[in-house]
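Just the heavy atoms: all of them, side chains too, but no hydrogens, waters or symmetry mates, feed the values below. Count residues from 1 along the sequence.
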Amino acid sequence: MFRRFSSLFMRHPVIISLSCVFIIVFCVFGYIFHWAFYNIERIEPGELISEKTSPNGAYTVKTYLNNGGATVDYAILGVLYSNKNNDSKNIYWQYEEPTGMINWINEDTVKINGQKINVPDGKYDYRHP
């Protein structure tokens with residue numbers, strides 16, 4: 001098996017090398033595309049609308065109104081804060097929504113504008129629900 005691959009590489013080094021470069025460039029482009037268009041962790045909070053602490057006091061969820069400017073409608077960002085170690089994580093992103101209503105169902109489940117999210121690992125993003 002190794003001998004066959006070695007002989008293939010010796011006969012076609014340019015094709016194999018270009019294929020490897022193409023795969024690497026494709027992976028890097030995919031990562032940058034995901035970061036730029038689908039990662040809600042990079043979104044900065046806007047104006048604070050509301051906040052609620054979980055029943056056991058372990059987490060606090062705050063919702064922020066993000067104003068996209070003259071050409072883009074308002075959006076709501078929900079941020080989960082850990083009260084133990086002050087970590088934060090964006091867990092909710094909804095476009096064309098002016099309010100951010102928060103209701104805790106139990107210690108591990110929060111409902112923001114009707115969307116149930118299991119904390120700390122759950123997320124809701126309107127672009128891919």
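- With values rounded to the nearest 0.5 angstrom, E51 atom CD is found 9.0 Å from T63 atom OG1.
- Side-chain atoms of Y74 and P98, non-hydrogen and from C-beta on, never get closer than 4.5 Å to each other.
- For the atom pair CD1 of I49 and CE of M101, the computed distance is 11.5 Å after rounding to the nearest 0.5 Å.
- Distance check: L18 CG to I23 CD1 gives 11.0 Å after rounding to the nearest 0.5 Å.
- From Y59, atom OH reaches atom OG of S88 across 13.0 Å, with rounding to the nearest 0.5 Å.
- In this structure, V119 and E107 approach most closely via the heavy-atom pair CG2-O, 4.0 Å.
- Ring planes of Y126 and W93: tilted class, angle from 30 to 60°.
- Within a 6.0 Å radius of OH in Y95, other residues, nucleotides and ligands contribute more than 12 heavy atoms.
- A 4.5 Å side-chain heavy-atom check between N118 and D108 finds every atom pair outside the cut-off.
- Proximity of a side-chain donor or acceptor of D87 to a complementary backbone N or O of S82 within less than 3.5 Å is not detected.
- For the pair I91/I112, a side-chain contact is recorded, criterion being any heavy-atom separation below 4.5 Å from C-beta on.
- In this structure the side chain of Y92 reaches within 4.5 angstrom of the side chain of N113, judged on heavy atoms.
- Residues L65 and I76 form a side-chain contact, since some pair of their non-hydrogen atoms from C-beta on lies under 4.5 Å apart.
- At a threshold of 4.5 Å between non-hydrogen side-chain atoms, the residues N103 and K52 count as touching.
- Scanning both residues, G100 and S50, for their nearest heavy atoms gives O-OG, 2.8 Å.
- For the atom pair CD of Q115 and CG of D125, the computed distance is 11.0 Å after rounding to the nearest 0.5 Å.
- For OH of Y81, the number of neighbouring non-hydrogen atoms (other residues, nucleotides, ligands) closer than 6.0 Å is greater than 12.
- Taken to the nearest 0.5 Å, the NZ atom of K111 stands 5.0 Å off from the CD1 atom of I105.
- Between L48 and K62, the closest heavy-atom pair is CD1-CB, 3.8 Å.
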